[in-house]
Each structure stands twice: as structure tokens, then as C-alpha cells.
Amino acid sequence: MDAASDPYLPYDGGGDCIPLRELHRRGTHYTMTNGGNISSSTHLLDLLDEPIPGVGTYDDFHTIDWVRERCKDRERHRRINSKKKESAWEMTKSLYDAWSGWLVVTLTGLASGALAGLIDIAADWMTDLKEGICLSALWYNHEQCCWGSNETTFEERDKCPQWKTWAELIIGQAEGPGSYIMNYIMYIFWALSFAFLAVSLVKVFAPYACGSGIPEIKTILSGFIIRGYLGKWTLMIKTITLVLAVASGLSLGKEGPLVHVACCCGNIFSYLFPKYSTNEAKKREVLSAASAAGVSVAFGAPIGGVLFSLEEVSYYFPLKTLWRSFFAALVAAFVLRSINPFGNSRLVLFYVEYHTPWYLFELFPFILLGVFGGLWGAFFIRANIAWCRRRKSTKFGKYPVLEVIIVAAITAVAAFPNPYTRLNTSELIKELFTDCGPLESSSLCDYRNDMNASKIVDDIPDRPAGLGVYSAIWQLCLALIFKIIMTVFTFGIKVPSGLFIPSMAIGAIAGRIVGIAVEQLAYYHHDWFIFKEWCEVGADCITPGLYAMVGAAACLGGVTRMTVSLVVIVFELTGGLEYIVPLMAAVMTSKWVGDAFGREGIYEAHIRLNGYPFLDAKEEFTHTTLAADVMRPRRSDPPLAVLTQDNMTVDDIENMINETSYNGFPVIMSKESQRLVGFALRRDLTIAIESARKKQEGTVGSSRVCFAQHTPSLPAESPRPLKLRSILDMSPFTVTDHTPMEIVVDIFRKLGLRQCLVTHNGTVLGIITKKNMVEHLEELTRRAEPLVMTQLLPRPGDVAVTGLRSLPYPQSPGAWAPVPFAGCFWNAVSSFESHTPPWYHHKKRYPPSYGPDGKPRPRLHNVQLSPVTSEGEEAGEEARLLSSTAL
């Protein structure tokens, strides 16, 4: 057989490989010339023409490569478009691919709305179960039980013969000390039972079902892989335990976990469509839409849900994701409205409408509420993070069930005596938001009524407060203290726990108190110059419920640092465009005050506490370090582990994989030239070698591995080479060693890189991974001065990032190990030993930013340059850099 008769033989005798689809035509052996007149019987396995299952996927706790995933999707899209005109079947496949995005968000919206309605109905019923039961229909809650009763009076509208308290059922008494004690005991019993059942289900079946879920969702949307966090078991257990946790009376809400539930639905449905199941970046577009649907059903705010996904959780948010998020939120809200879980034809329980405008002088108390919200947010973040950190570092964190039982017991014992803390938190917010009218029987509306009771609701003027109002204020003050303390200790325990509703309750309590105070001040001093123009005698001037709404928004903004999405959510709750300005003023004030104590919101703080690899786009990098200061390996580290393009065997690569924990290896031309060829991932290498051994006989440990386009000349008796060029990233992202880190940080944030290679004149010096980036930012924050300005030596006990497994580079690009007992990783991952990284800047290895005279070296285009006096000095500097990073 000669070259003319066999077009697959290389023209230069270089022994290039034959595609797998042609091997069966040739039999098991074929003859070719190999570098001259030597004849050999050789097999070359080329994996280019046949995809290898598993290549291009990611391990657990690894970061995805956004650039590679987007390239894969563009290639898939081009392949479908090129085939759609070939047949009707290909055209159908093309249409299915185009509509699959809308189908998956439709299914996600339907499931999210249905589950939210189920959770709302079940939570209301189980909450009322702590106080009594409906004898006429066991599945009715207290309100539904008394709807059809003809014996309910106006003053005691919540009492009816069909509803029996536990004291009436057990001891036959409806009033008196015995009845109170029995109801107290049953309240505590049911609260502890619900809490114990919730934490037990989470611990046994789905450890990832605990917590809010939003910090982990933010991390996953930024490109991190957490297997099982959005799985079917997590969805099932979180749905059940969320109902139990809310019903137990703990100071938590269901709104944050509903975002987790919706994202679980989106993740599960995405596996029905190959477009999303095989591409991690595309799957995150579905998760962004799912998070919008979750907020839509949590607050009844579809537009606010879309803005929440855009502002708070999403990392990559293209325009088509905006449209699909809007559609998913619309579908979810429509389904929830059809279910009507609250029986008021509204999407939320505390929907209110105000008919009195706000006045200019009220901006001052609104801003004061914003200040309170910012102070509360700063205090809560610091206190909660300190408690969570203590929980991880003490034996108390090893007993999550005991912790939940203790917190539930304290909550139940302290909450029952106060009617405002005994209420379900959503019911409390509803009562605080509601404006007082002639049909309201709450203590908050116990005013001395000097007007004709027949007047319509909208015209009721400001009135002097009665004894009931003053009593309610004292109870609200105690409730405020109780909520502040218990929320700090509740958020982060091992049950589903949201933060939106507790924060809103705290703000609503403070706002209602301030609103009543301003109302009475305006009534008794209406002749003051600030009230004279607006608050005349007999006028309806102040709406305390509006202050509760503004306070709720301010406190939630202070904790989460949300702005635009929060204002829209609260606006959709109330349905009034007229109150946007007070909301904006209070929310912005709370954010400014909170940022004065720290720019992190509660979710970012928990991300950092748990050690998740998250680069916050809101943070600014103002330091003057260079890429050489961050790259690995350091001077005392082992040499950079690299592969050569055609000089290594299968055994060599397997030994390197077994002896190191790195997740990827730069591929160079040879150890002499050290010029960069590409980058190969550890997982792809392992899968490709295993696949080659299974599919083709003759692949042994001494087989030469070739990453080049043409295999080199081999002896006749040598085993078949293994060509792995198909798994090689031929265009890895590279920067020079003098690139400022502010540019590198922007590159990582905007392109979503896993790793970046550092070169000097095309020669590989080291690598920067996402983990190195986060470690560097943490180190600079902790040391409070740039590393490049001083000679920093490692101090005893220094660890770059608390909670991360720190290993000397080259650490796995994208490989992370979350902290046991941090967030929801308790009992889910094993403990990892932390090692102190050799973190210092050596002035003899890389050019420092300051010259020997103490003056800054010249900067040009933001790149640090070292003055060179001659070409010989430049060549000597390059030789010294190469020798110090010998491979």
C-alpha cells in the first residue's frame, strides 16, 4: 500500500492517525513507513472524530469554564442550523431546540407556582394546629373554619363553635388559668414536634435542604458545581420541611427557600432537554429564570422577581434570559393566583392599599427608618456571622438537632405570652401594614372615636390613641427585641430558613411604632409649622401602616443591600405608585448606612464564611499587585507540573495524575523550549485514557501520548501512540507576569475563567486559578496593604481563606472543598486539613513595584515596567526568570 492508493497515509511519513471510522475497513493492522524505510505494524488511536463520554464535564465542587461552555453551545447551534434543511426531521429538531428554552421555563413556572400554593396552604393549617383544630373539617385552618359560621360576632370574629382550642378539647375549659396553661403547653409541644421533625428529615435525607439557599444559588449561578444541591431529594425534603419550619413558629420565613425550591424545579426540568442538560452555562440561564419565578410566588411580585434575579443572584444574564425570566415569573404568578391559597384573590397574604397621600414633612421619619434599617442590617450581619463562626468552631455545631430544639423551645416559650409574637410572622406583617378603619378590631386601632361611626373609611381623621394602642405599643417593643435576638440565632440553623419575612417584620414593628408616634404628634400639635399646612383638625393626615411598610423595606434592604428590586417588590405588594419615593428614600438610606459598616450583604457574608469561590462584581480592586504576585508555584513550592506534547507515555501521565491533586496541566512543546501549546484538564485526561484502553487493543502504559497534530517518528517495535489532541484546549487564556491584578480580576469576573496561565515571552511561568484569586483578595483585605509594597513573609498560623482547603499550587483549577458544618455542608462532605500557603513576594524573583532608590518604577498603560539599560540585561533577566521556574 502506498501513499497514492491510501489518502489517509501522511505525505511526510510522519505517521499521522487514521480516523476511527476507517479502522474497520483496514482490519486490525496496517503498514506504514515511519521515518524512512523502517516498516512497522502500528495502530494510532485518534479521538477527534468520536466524542468520548464524560469529556468536558465537571466534578463536584469544581468551577465551570464559561468560555468553553459558550463555545460548545455555539458549535451545537451551528451544527443544528447546517442540518435543518436536509430533511423534515432535522427541521423539527431545529424547531424543538429553538423552543426548548421556553418549554423549560414554562414547566419551571408551573411547578414553582403549584409548590408555592401547596406550601402556603399547608403552612397556614399547621400553624393554626398549634392553637386548636376545626371539628367540622380537620383540613380547615382557623379562618376557613369560621367562614361559614352564623354565630360569630363582630368583636370576637375569630371565635366560632366549630373551632376548638386544645384546652377545650382536653380539659373542657375555654377560659381561665387552666385553659391558658394547657394551650401554652400544647403550643410548645407542637412547636418542638414540628422543629424536630424538620431537622430530622433534613439530616437523614437531604442535608442540602437546610438554610435559605440563596448564598448557594448565587455561587452556583457564578459557575460552581454542587452536585445534589438542586436535586429531586433536596426539592422533596425542602418542600416538606419548609412547611414544618414555618409552622414551628421559628423566626424565619419561607420566601428565601422558595427561590431554592424553584431552582430545584428548573434544574430537574433542564435534564429533559439536551440543550441544557449537556451545557452547564446554558443550565444557569434556566436557573436565573427559576429564581425569578421563586420570588414571584414568594411575594406575588413578578416584575420584582425578574429584577431580583438580575440584581441579586445572577452572574450571567443575557437579554434572552431576561425575557424567559419574565415569562417564568408570569406563569408562576398565574398558577399561584389560580390556586388562591390565601382566599383573598391576591398573590400574598399582606396585600394592602392606602388611600391617603404622603406629605413632604414625612420624608424625615422615612429617612430615620432608613437609618434604623441600615443599623439593623449591619448589626445582624456581624452578629449572625459571629454566631455561625462560633457554631463551626465549637462542639455545639456538631449537634444540629439539639440546636434546633433549643432555639425552637426558647422561641415558643417566649413567643406565646405576647399576642404579636404568637402570630404567624406573615399575619403579623399583615396586621402592621393594615390601616385602621371602622371594621378593624385590633388593639392597634383602639382609638378614642369622637367622630360619627357612619363616616366612610377613607375619611376617618387622625384620633387620639386609646389604652389599647398604648398597650399594643409596649407589646410591639417587646416583640421587636424578641425578633431581633431570635432572628440572629435562627438564621443558619439546619432547617429551611428564610430571612425576608423576619427582617420585614422587624422593620414593620419599628415603622408602626414610629407611625403611631408621628400620628399622635401631629394630632396634639397640629399648629406646629411642620404640620400646619397639611394636618388640620379633623383631617386624615398620617397613615401608620405606611410607616410599617417603609420600615419593612428599609430593614430588608439593610440586611440584603437590595435596592431597585426591593422597591419594586414592596410596590407590587401594596399596589400604590404614590409611595415609591418614600420607599426609595428609605431603601437608599439603609444601604448607605449599612455600607458605612461594611459593603457585604448577608448573602455575600455567608458565601465568604462558607468558603465558596465567588468573585463579587460589586467589589472594587484598588491594589497594585501583579500577576506574578498571585500565580503558582511560589519559590518554595514544587515545580509547575506540566505535560509535553509528544515526549510522555501513558504511565508518565497516570503517575502525574496520581501523585498530584491538580485539576489541570499546561502542555508545552518540550522541557527545553517550555513554549505553551495548550491546557489539558485532569478529568479529561483520565476519561480519555480509560476510553482508549476499552475501545482499542494495544494501548499500554508505554504507549506514547501525543498532543500534537502529527505524531513523531517512532521505532518499529514501539506500541501504538495515543493521540489526545481533541481534549486539549488550544487557546487557554494567558497573561504576562507583569499584568496588573486589577485587569486579571476583571478578566476572571467578566469571562468566568477557571484558570489563567502566566507567561513570559511565550514561556509558561505559572498559573492563576479562581481559588488563587479569592485567596489573594482575602489576603489583601486582611493585611490592609498591598503585598507588592512590602516584603511579606508567611506568619505562623496564616491561612489564606478560612474554610477552604489550601494546598500549595498548583492547586486544582476550580477545585474547592467547602467547610464541614458551614452552611448546608454539615454531614455532606468530609473534613479537610488546612495548610498554610507560602504567601510572600520575593523581590529577587519578580521585578518589584519600587526600585532600589525607593521610588515607584515607571508605569505605562497600567503595566508595571522595569527599566532596562541594555539588551544584555534584558536577556539576563529573562534567563534568571526561566531558571527560577525550572520545570
*After noting the C-alpha distance and the side-chain angles of Glu285 and Lys282, does the key distance pass the salt bridge (charged side-chain N to carboxylate O under 4.0 Å, His left out) rule?*
CA-CA 5 Å; Glu285 296 180 13; Lys282 296 293 293 182; 3.3 Å; yes
*For Ile727, which of Ile687, Ile689, Asp684 qualifies under side chain to side chain contact (heavy atoms under 4.5 Å, CB included)?*
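Checked Ile687, Ile689, Asp684 against Ile727; only one passes side chain to side chain contact (heavy atoms under 4.5 Å, CB included): Asp684.
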*Of Leu751, Leu757, Val67, which meets side chain to side chain contact (heavy atoms under 4.5 Å, CB included) against Phe733?*
Leu751
In terms of side-chain heavy atoms, does [X] have a donor or acceptor partner in [Y] at a distance below 3.5 Å?
{"X": "His77", "Y": "Asp73", "result": "no"}
{"X": "Thr769", "Y": "Asn772", "result": "yes"}
{"X": "Ser291", "Y": "Ser288", "result": "no"}

_Taking the six-membered ring of Tyr316 as reference, does the cationic atom of Arg70 (NZ for Lys, CZ for Arg) lie under 6.0 Å from its centre and within 45° of its axis?_
yes
*Mark yes or no: Lys770 above the aromatic ring of Tyr315, with NZ or CZ under 6.0 Å from the six-membered ring centre and no more than 45 degrees from the axis.*
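Judged by the rule (NZ or CZ under 6.0 Å from the ring centre, within 45° of its axis), Lys770 counts as positioned above Tyr315.
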Main chain of [Y], side chain of [X]: is a donor-acceptor contact present, judged purely on distance under 3.5 Å?
{"X": "Gln645", "Y": "Ile668", "result": "no"}
{"X": "Asn267", "Y": "Leu230", "result": "yes"}
{"X": "Trp66", "Y": "Ser222", "result": "yes"}
{"X": "Asn658", "Y": "Glu654", "result": "yes"}
{"X": "Ser314", "Y": "Ser309", "result": "yes"}
{"X": "His62", "Y": "Asp60", "result": "yes"}
{"X": "Tyr276", "Y": "Phe269", "result": "no"}
{"X": "Ser87", "Y": "Glu90", "result": "yes"}
{"X": "Arg682", "Y": "Ile657", "result": "yes"}
{"X": "Asn279", "Y": "Ala281", "result": "yes"}

*Taking NZ, NE, NH1 and NH2 as the nitrogens, is one of them in Glu75 or Arg78 under 4.0 Å from a carboxylate oxygen of the other?*
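Result for this pair is yes, salt bridge flagged.
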*Do Glu86 and Lys83 sit within salt-bridge range, that is, some charged N less than 4.0 Å from a carboxylate O?*
no
_Residue pairs involving residues 643-653 (criterion salt bridge (Lys or Arg N to Asp or Glu O under 4.0 Å); sequence neighbours excluded)_ =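 Passing the test, one end in residues 643-653: no pairs.
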Could you tell me the separation between the [atom1] atom of [X] and the [atom2] atom of [Y], rounded to the nearest 0.5 Å?
{"X": "Leu643", "Y": "Lys671", "atom1": "CG", "atom2": "NZ", "value": "9.5 Å"}
{"X": "Leu640", "Y": "Gln674", "atom1": "CG", "atom2": "CD", "value": "9.5 Å"}
{"X": "His760", "Y": "Leu765", "atom1": "NE2", "atom2": "CG", "value": "7.0 Å"}
{"X": "Leu681", "Y": "Asp59", "atom1": "CG", "atom2": "CG", "value": "10.0 Å"}

Considering all heavy atoms of both residues, which atom of [X] and which atom of [Y] are nearest to each other, and what is their separation?
{"X": "Asp637", "Y": "Arg632", "value": "OD2-CD, 4.1 Å"}
{"X": "Ala289", "Y": "Ser325", "value": "CA-OG, 3.3 Å"}
{"X": "Leu722", "Y": "Ala692", "value": "CD1-CB, 3.5 Å"}
{"X": "Gly231", "Y": "Cys264", "value": "O-SG, 4.2 Å"}
{"X": "Gly766", "Y": "Pro633", "value": "CA-CD, 4.1 Å"}
{"X": "Lys72", "Y": "Thr278", "value": "NZ-O, 3.6 Å"}

*Where do Phe707 and Val677 land on the side-chain contact (heavy atoms from CB on, under 4.5 Å) test, with the steps shown first?*
CA-CA 9 Å; Phe707 294 98; Val677 175; 5.5 Å; no
*Report the C-alpha separation of Phe273 and Tyr96 in whole Å, then their side-chain angles, then the decisive distance to 0.1 Å, and conclude whether the side-chain contact (heavy atoms from CB on, under 4.5 Å) test is met.*
CA-CA 9 Å; Phe273 304 90; Tyr96 174 76; 3.2 Å; yes
_Evaluate Tyr271 against Lys283 for side chain to side chain donor-acceptor pair (under 3.5 Å), listing each step before the verdict._
CA-CA 9 Å; Tyr271 283 99; Lys283 185 183 298 182; 2.9 Å; yes
*asked:* Would you say the rings of Tyr229 and His260 are close, in the sense that their centroids are separated by under 6.0 Å?
replied: yes
*Step through the shown structure and confirm whether more than 12 heavy atoms of other residues, nucleotides or ligands are within 6.0 Å of CH2 on Trp102.*
yes
*Tell me, with the steps shown, if Glu280 and Arg284 meet salt bridge (charged side-chain N to carboxylate O under 4.0 Å, His left out).*
CA-CA 6 Å; Glu280 293 291 342; Arg284 275 146 182 79; 2.8 Å; yes
*Let me see the working for Lys275 and Arg76 under side-chain contact (heavy atoms from CB on, under 4.5 Å), right down to the final yes or no.*
CA-CA 9 Å; Lys275 177 180 180 180; Arg76 179 198 58 80; 3.7 Å; yes
*Would you check, one step at a time, whether the test side-chain contact (heavy atoms from CB on, under 4.5 Å) holds for Ile225 with Phe61?*
CA-CA 5 Å; Ile225 301 289; Phe61 305 127; over 6 Å; no
*Hey, mind stepping through Thr625 and His776 against side chain to side chain donor-acceptor pair (under 3.5 Å) and telling me if it holds?*
CA-CA 10 Å; Thr625 51; His776 183 65; 3.0 Å; yes
